[in-house]
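See structure below.
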Amino acid sequence: MTAEWLKNAVFYEIYPQSFCDSNADGIGDIPGIISKLDYIRELGCDSIWMNPCFDSPFVDAGYDVRDYYKAAERYGTNEDLKRLFAAAHEKGMHVILDLVAGHTSSECEWFRKSCLPEKNEYTDRYIWTDTVWVAPQNIGNIRGWLRGGYDRDGSAAVNFFTAQPALNYGFAVKDEGCPWEQDMHDPGPMSTRAELKKIMKFWLDMGCDGFRVDMAGSLVKNDPDGKGTIALWQDFRRWLDEEYPEAVLVSEWGEADKALTAGFHMDFVLHFGPSHYPELFRTAHPYFSAKAEGDIRPFFDVYLNNLKKTEGMDGVISIPSGNHDMDRMARTLTPSEMKIAFAFLMSMPGVPFVYYGDELGMREVEGLSSVEGGYYRTGARSPMQWDCTSNAGFSAASPDCLYIPQDREMMHVINAEAEMADPASLYHTVKELIALRKVHPALQSTAGFRLIEDTYPLVYERSCEEETILVVINVSDEEKQTAQDTSGSLLWSFDHKALTGNTLPPQSAFIIRKG
Ligand code: NOJ
């Protein structure tokens with residue numbers, strides 16, 4: 001991999017609103033994050049993905065950026081971000097920011113100017129039809145139109161929620177009946193491209209280590225095979241390789257062959273689309289349940305196909321424990337099941353991502369009203385549970401002032417302090433597994449993968465020049481047999497269970513070095 005540090009990286013995702021509040025206003029902030037770097041480092045994670053932290057009206061939790069060059073006041077200042085990068089680097093850690101490349105907030109100055117009837121620098125920064133009476137349906141990567149309310153006679157394309165107008169990177173395939181559709185290389189799209197580079201440069205110069213790119217695969221419109229968007233990102237990657245060769249890009253794309261061809265260093269397995277990822281931890285019958293009623297084969301069909309298609313490419317597929325857009329895994333899995341799930345996550349190829357609080361088994365907070373465009377996602381975004389003090393150590397504000405309510409029922413049991421003190425906790429399992437991954441090259445991002453058994457049990461091999469490791473997982477609450485020779489040196493087993501021959505005890509997982 002070009003960016004050497006990714007070979008052995010383990011990421012921790014921080015939702016800045018909910019991580020640590022240093023000034024008692026009920027919402028997390030950058031100084032709070034700086035104060036918790038040692039916690040993340042001690043867990044074993046050496047890299048951080050931080051959700052958007054830029055100036056925003058927060059209609060979509062910050063995925064509606066008003067000013068890309070300014071930290072949101074509620075989180076701190078640009079100087080605080082600079083301090084975060086420097087403090088992380090001092091501890092041998094990396095920090096990547098969330099780059100919302102496909103749309104801005106409708107409150108962004110660029111959009112306001114783009115809405116003016118007089119031609120100006122921002123007229124073509126967004127996608128506009130040539131009259132407000134036109135708002136065509138079914139154009140690939142366009143989700144709707146903003147119409148009326150502006151003096152400019154046109155409809156503006158929407159990228160996600162209606163407060164998020166789509167930036168103009170042009171159309172891959174233009175419809176002759178729509179003369180307002182612009183070519184990717186027209187001046188408008190090229191200036192959007194230049195601005196995005198400027199934004200990346202601004203933060204990279206400040207010390208950030210790269211970006212997670214929001215909706216990365218949908219920037220160019222009417223792009224049926226993704227070729228336009230791929231070409232666009234190849235341009236960004238060429239530029240990065242020249243100017244910032246250590247910087248990394250991870251995509252929310254979900255089609256690894258396209259994303260890696262486009263130049264991303266990592267592409268996420270997503271919880272939507274064709275991945276079958278939810279079937280691992282989150283459906284009514286997830287694979288990682290002791291009831292053993294799940295089926296992991298559809299997941300592997302897609303995963304293996306992607307692995308094959310990306311063989312030899314300079315990039316990897318990342319499987320997250322969760323993220324700010326999906327239910328907490330604790331909603332469907334018990335603590336033991338989560339421990340076994342982490343044995344899987346930490347022994348698979350690619351760069352693993354731990355969603356804050358998943359290492360503790362933080363639960364979904366049920367029954368919440370939507371906060372800042374969270375809707376069903378709000379319950380997975382509740383404040384981090386640090387200790388047994390008020391607000392579980394997240395904030396010194398009054399509990400009813402918290403930005404999102406906490407898991408009041410369990411926060412005195414499920415929290416970092418309590419779990420760090422208990423060697424049998426999920427926290428310790430995750431920590432052990434990360435530590436194991438760090439010292440075994442065969443468990444790391446780019447080492448080989450071979451699936452051997454894919455029902456109950458799940459058996460696979462990881463290998464590299466130095467070693468071969470067998471991972472044997474029986475999440476079911478019944479004894480199972482494996483056809484594999486399980487001899488070798490046992491590096492780790494769930495609950496310190498012993499392994500004899502081919503019989504796998506109920507709820508067990510083993511990581512064995514073969515040679
Ligand atoms: C994906 C982000 O993860 C999600 O939180 C956001 O709402 C949409 N993209 C729109 O930016």
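Order of listing sets the numbers, starting from 1, for every ligand and every atom in it.
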Which residue and atom name correspond to the protein heavy atom nearest atom 9 (N) of ligand 1, and how close is it?
Asp214 OD1, 2.7 Å

Relative to the ring of Phe19, is the ring of Tyr356 parallel (under 30°), tilted (30 to 60°) or perpendicular (over 60°)?
perpendicular

Taking the six-membered ring for Trp, are Phe11 and Trp5 parallel (under 30°), tilted (30 to 60°) or perpendicular (over 60°)?
tilted

Arg377 heavy atoms within 4.0 Å reach ligand 1 at atoms 4 (C), 5 (O), 6 (C), 7 (O)

Within 4.0 Å of some non-hydrogen atom of His324, the atoms of ligand 1 are 2 (C), 3 (O), 4 (C), 5 (O)

In terms of residue, atom name and distance, what is the protein heavy atom nearest to atom 7 (O) of ligand 1?
Asp60 OD2, 2.7 Å

Do any N or O atoms from the side chain of Asp267 and from the backbone of Glu255 form a donor-acceptor pair under 3.5 angstrom?
yes

For ligand 1, does Arg212 get within less than 4.0 Å through its side chain, its backbone, both, or neither, judged by non-hydrogen atoms?
side chain

Between Arg363 and Glu409, does at least one N-O distance fall below 4.0 Å, as a salt bridge requires?
yes

What about Tyr39 and Trp386, are their ring centers closer than 6.0 Å?
yes

So which protein heavy atom does atom 5 (O) of ligand 1 come closest to, and at what separation?
Asp325 OD1, 2.7 Å

